[in-house]
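Take a look at the structure below.
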Amino acid sequence: MLEDRDYMRQPDYGQQRISLTVALLIVNVIIFIIECVTCGYPPIFGENNYFALSLNGIKHGYLWQLLTFQFMHAGLLHILFNSWTIYVFGREIEARLGAKKFLIIYFCGGIIGGLLEMIGAFFWPSHFGTSVVGASAGGMALIASFAVFYAEEPLTIFLYFFPITMRAKYFAWGLGCLSVLCILFPSSIFTMLFGGNVANGAHLGGILTGLFLARQFSRGDWHWPQWKFPSRREKPREFAAAGKDKKSFWPTTEDLSDDEFLKNEVDPILDKISAHGIQSLTARERQILEKARSKMTKQ
């Protein structure tokens with residue numbers, strides 16, 4: 001019954017809580033202020049810093065750096081840009097998936113991004129940095145997750161003050177390709193314009209983590225992907241049938257049953273309305289509500 005669904009029940013106004021996205025931003029600001037007071041401005045983090053992620057620290061067993069570096073920033077513009085990223089995309093992911101999964105995506109993106117940067121620094125030091133701070137890897141994971149759930153949503157970004165509008169999925173892939181190019185060509189004019197003094201390995205790790213986790217969460221309950229090896233006696237699949245059965249990496253509402261559509265698409269939107277108001281909905285979310293209304297009137 002519809003009245004049994006969570007979004008049809010009366011909200012408990014006595015348990016209003018602060019968004020974890022906002023709480024995360026507050027913690028980052030507090031830590032940045034502490035950095036400026038103790039280290040001066042701009043803060044300088046060397047190889048011997050106990051909390052900034054560094055290859056030297058990992059070699060000495062300071063594994064906590066994979067978490068602490070995500071709360072540290074090298075300057076005002078650094079923390080402002082990362083805070084904007086977390087606020088814009090984090091609110092959407094938290095509203096859709098809930099606080100727990102939002103934190104999993106964010107911190108796993110930061111940890112795996114940091115690990116990728118350190119692995120690169122160990123094997124290819126001329127193309128990777130040896131010391132990293134900032135929340136950008138986790139922010140990249142949020143951007144990638146947003147692109148999975150809202151692939152066709154138009155985003156407007158400013159490239160050297162010139163506005164460029166593109167769909168979210170192209171924005172995510174563009175950031176991934178940019179990170180790869182900047183890793184491969186660290187001394188090129190292209191890198192100087194778009195990726196200088198940036199932990200591109202951490203960005204790439206965050207993007208890949210966000211894509212993977214969001215894809216898993218979009219299927220409903222968490223499960224690890226299963227790899228099935230074909231039998232030698234198995235007949236080869238026809239190319240036409242394979243093309244017909246193949247699903248896009250970006251999940252669509254057409255792939256879902258009615259119950260999955262309500263659970264995975266409509267429920268998060270209604271939760272978002274409850275938390276932030278109907279004015280917070282994007283154009284795509286309004287279209288999904290219209291589609292849900294049509295489905296219910298036909299039943």
Side-chain angles (χ1 to χ4, degrees), residues 16-46 49-54 57-58 62-118 129 131-147 155 157-158 172 175 179 195-207 209-210 213-214 275-276 280:
Q16 187 69 24
R17 61 176 181 81
I18 187 172
S19 161
L20 273 185
T21 302
V22 175
L24 185 61
L25 294 176
I26 293 173
V27 172
N28 282 339
V29 171
I30 292 174
I31 292 178
F32 181 69
I33 293 173
I34 294 174
E35 290 174 15
C36 294
V37 171
T38 58
C39 303
Y41 184 86
I44 299 176
F45 310 102
N49 190 285
Y50 281 99
F51 302 106
L53 178 62
S54 67
I58 295 299
Y62 303 158
L63 297 182
W64 62 80
Q65 292 181 349
L66 290 168
L67 179 64
T68 56
F69 90 98
Q70 301 180 54
F71 293 96
M72 307 174 71
H73 291 85
L76 185 60
L77 289 179
H78 192 200
I79 190 173
L80 285 177
F81 179 79
N82 284 339
S83 295
W84 175 85
T85 301
I86 293 170
Y87 181 73
V88 171
F89 297 99
R91 288 185 307 159
E92 299 294 336
I93 299 303
E94 184 181 358
R96 183 182 182 96
L97 297 180
K100 181 179 178 180
K101 292 179 180 178
F102 158 73
L103 289 179
I104 290 175
I105 289 175
Y106 177 78
F107 284 114
C108 284
I111 291 171
I112 295 176
L115 275 175
L116 183 60
E117 185 75 20
M118 293 299 100
S131 182
V132 183
V133 294
S136 55
M140 290 293 171
L142 295 177
I143 292 175
S145 299
F146 181 90
L155 299 175
I157 61 174
F158 286 87
L175 288 174
S179 298
N197 199 28
V198 172
N200 293 294
H203 286 190
L204 180 61
I207 292 169
T209 302
L213 290 178
H276 305 290
S280 65

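Considering only residues two or more places apart in sequence or on other chains, Y41 meets the ring-ring contact (aromatic ring centres under 6.0 Å, His included) condition with none of them. A search for side-chain contact (heavy atoms from CB on, under 4.5 Å) contacts involving I143 returns T85, F89, M140, F171, L175, not counting sequence neighbours. Annotation: salt bridge (Lys or Arg N to Asp or Glu O under 4.0 Å) contacts of E117 (sequence neighbours excluded): none. For W84, the ring-ring contact (aromatic ring centres under 6.0 Å, His included) criterion is met by no residue, not counting sequence neighbours.
Remark: the backbone N or O of G57 is paired with a side-chain donor or acceptor of S54 at under 3.5 angstrom. Panel note: side chain E94, backbone S19; no donor-acceptor pair is recorded below 3.5 Å. In this structure, T68 contributes its side chain and F51 its backbone to a donor-acceptor pair below 3.5 Å. Of the possible donor and acceptor atoms, none in the side chain of R96 sits under 3.5 Å from a partner among the backbone N and O of E92. Counting only distance, with no hydrogens or angles, the side chain of S145 and the backbone of A214 share no donor-acceptor pair below 3.5 Å.
Side-chain contact between H203 and V198 is present, with at least one heavy-atom pair separated by less than 4.5 Å.
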List, one per line, each side-chain donor-acceptor pair under 3.5 Å for residues 102-111, sequence neighbours excluded.
none

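Closest approach of I93 and L142 over heavy atoms only: CG1-O, 4.1 Å.
The stretch residues 24-39 participates, sequence neighbours left out, in no side-chain hydrogen bond (donor to acceptor under 3.5 Å, both in side chains) pair at all.
Atom CE of M72 is separated from atom CD1 of I31 by 8.5 Å, given to the nearest 0.5 angstrom.
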